[in-house]
Amino acid sequence: MIENWFSERYSDNLQLSFRIKDQLLSVKTDFQRIDLFETYDFGKLLTIDGTVQLTEYDEYIYHEMITMLPFFSFRIKPDSALVIGGGDGGTASSLLKLGFKKVTNVEIDSQVVDVSKEYFPEISSAFSSDRCTLIIDDGIEYVKKTKEKYDIIIVDSTDPEGPAEGLFSKSFYSSIHKALKKGGVMVTQSGSPFYQPKALKLATSGIRSVFSEVLTYCAFIPTYPSGFWSFTIGSDLPISRKEKIKRGKYFNEEILRGAFLLPEFVRKIMS
Ligand code: SAM
């Protein structure tokens, strides 16, 4: 019997492979290559330039952790949010579920949005809400020129290469700082500490150069390199948790407190 597999290479010697039922799409856009597979264990799988972006069955972990954890860790209001990247719509949809009145999503590649609308209608549901504005633009240029002020800015990017390289730069974090309301919070995905220490190092050093509080937290995401993933918050105020929280499928009170506990090798990367 012939078996078909998609593999993401983590190093020359290690890869994660998904046995696939079918390849649903492969397209080269102006920015990157997008592939879509139907897998046996994780439902639909979206990859960009050969790296896993999301799967139907575990996307909730990433999207809850990039939205709910910073939202409930600070007293920010659910008024206005900016998402940079996140063309699949999962982050914007999660923000709307938290009650945000206005979510602006700036994605560089319209084809990621189109694929997500067609194949992940629930995850991308924010794009059909009148509380969400989708802008197709480079997030770096957008934050540089925007006059709007946001309660939270979420950088839901690909890894620091190609169009996303500048999303890990000090000048980008400085523009984000200017676009936040007083007491506002930013958060970025900062990669796998084990396989992508560069992403975490760039994020923490860049955010530290602009914000007084830099906080990294981690989550278990089975389909990302090593399964152990990091996110980094920048804020000018220390953590001040909301009294009441909403639980998700992954997120709860214990995750809210425990996600900030970091292994020593992660603290070393950050220092
Ligand atoms: N959850 C994912 C992860 O960590 O692998 C990220 C998902 S989301 C699909 C990442 C998006 O960032 C992609 O759609 C990509 O096109 C977008 N992106 C990359 N560089 C960008 C930029 N400079 N401005 C706006 N969006 C960008």
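Counting starts at 1 for both ligands and their atoms, in listed order. All heavy atoms count here, side chains included; hydrogens, waters and symmetry mates do not. In this text the structure is predicted, and so the values were computed from the model without any measurement.
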- request: With heavy atoms of Ala164 as the reference, note each atom of ligand 1 found under 4.0 Å away.
  value: 19 (C), 20 (N)
query: Tell me, which protein residue and heavy-atom name are nearest atom 19 (C) of ligand 1, and how many Å apart are they?
result: Thr158 OG1, 3.3 Å
message: Using a 4.0 Å cut-off to any heavy atom of Val52, which atoms of ligand 1 qualify?
response: 5 (O)
query: Does Lys249 count as lying over the ring of Tyr60, i.e. NZ or CZ under 6.0 Å from the six-ring centre, within 45 degrees of the axis?
result: yes
field: Polar proximity ligand 1 side, Ile108 side, N/O cut 3.5 Å exclusive
entry: yes
- prompt: What's the shortest distance from atom 21 (C) of ligand 1 to any protein heavy atom, and which residue and atom give it?
  reply: Leu167 CD1, 3.6 Å
query: Can you list every salt bridge (charged side-chain N to carboxylate O under 4.0 Å, His left out) pair that touches residues 75-91, not counting sequence neighbours?
result: Asp79-Lys101
- prompt: If you measure every N/O of Gly139 against every N/O of ligand 1, is any gap under 3.5 Å?
  reply: yes
query: Of the non-hydrogen atoms in Glu56 and Lys44, which two are nearest, and what is the gap between them?
result: OE1-N, 2.7 Å
query: What salt bridge (charged side-chain N to carboxylate O under 4.0 Å, His left out) pairs are there with at least one residue in residues 250-267, not counting sequence neighbours?
result: Arg247-Glu253, Glu264-Arg267
Plane angle bin for Phe231 and Tyr62 - parallel if under 30°, tilted between 30 and 60°, otherwise perpendicular: tilted
- request: Pick one of side chain, backbone, both or neither for how Leu54 approaches ligand 1, counting any non-hydrogen atom pair under 4.0 Å.
  value: neither
- request: Write out the residue and atom name of the closest protein heavy atom to atom 15 (C) of ligand 1, then the distance separating them to 0.1 Å.
  value: Glu107 OE2, 3.4 Å
- request: Could you verify whether a donor N or O on one side chain and an acceptor N or O on the other, from Ser230 and Ser190, lie under 3.5 Å apart?
  value: yes
- prompt: With a 4.0 Å heavy-atom cut-off (strictly under), which part of Gln53 contacts ligand 1: side chain, backbone, both or neither?
  reply: both
query: Do the ring planes of Tyr150 and Tyr142 sit parallel (below 30°), tilted (30 to 60°) or perpendicular (above 60°)?
result: tilted
- prompt: So Tyr10 and Tyr195, would you call those rings parallel, tilted or perpendicular, with 30° and 60° as cut-offs?
  reply: tilted
task: May I ask you to check whether Asp156 and Gln189 show a side-chain donor-acceptor distance below 3.5 Å?
output: no
- line: Asp138 heavy atoms within 4.0 Å reach ligand 1 at atoms 22 (C), 23 (N), 24 (N)
task: Determine whether the side chains of Thr232 and Thr204 contain a donor N or O and an acceptor N or O closer than 3.5 Å.
output: no
message: Could you tell me, atom by atom, which parts of ligand 1 come under 4.0 Å of a heavy atom of Val112?
response: 14 (O)
- prompt: At a non-hydrogen distance cut-off of under 4.0 Å, which region of Phe31 contacts ligand 1 (side chain, backbone, both, or neither)?
  reply: neither
- request: Please determine, by modelled atom types, if Ser116 and Glu118 share a side-chain donor-acceptor pair under 3.5 angstrom.
  value: no
- request: May I ask which of Phe172, Phe231, Tyr224 has a heavy atom nearer to atom 3 (C) of ligand 1 than the others do?
  value: Tyr224
query: What pair of heavy atoms forms the shortest contact from Ile207 to Gly234, and how long is it?
result: CG2-CA, 3.5 Å
- request: May I ask you to list the atoms of ligand 1 that are less than 4.0 angstrom from any heavy atom of Pro163?
  value: 20 (N), 21 (C), 22 (C), 23 (N)
query: Which residue holds the protein heavy atom closest to atom 12 (O) of ligand 1, what is that atom called, and what is the gap in Å?
result: Gly85 CA, 3.5 Å
- line: Taking only non-hydrogen atoms of Gln32 and a 4.0 Å limit, the atoms of ligand 1 in range are 15 (C), 16 (O)
Proximal atoms of ligand 1 relative to Asp109 (non-hydrogen, under 4.0 Å): 16 (O)
query: With atoms numbered from 1 as shown, which atoms in ligand 1 lie under 4.0 angstrom from a non-hydrogen atom of Asp88?
result: 7 (C), 8 (S), 9 (C)
- line: Honestly, for Asp156 the part within reach of ligand 1 (heavy atoms, under 4.0 Å) is both
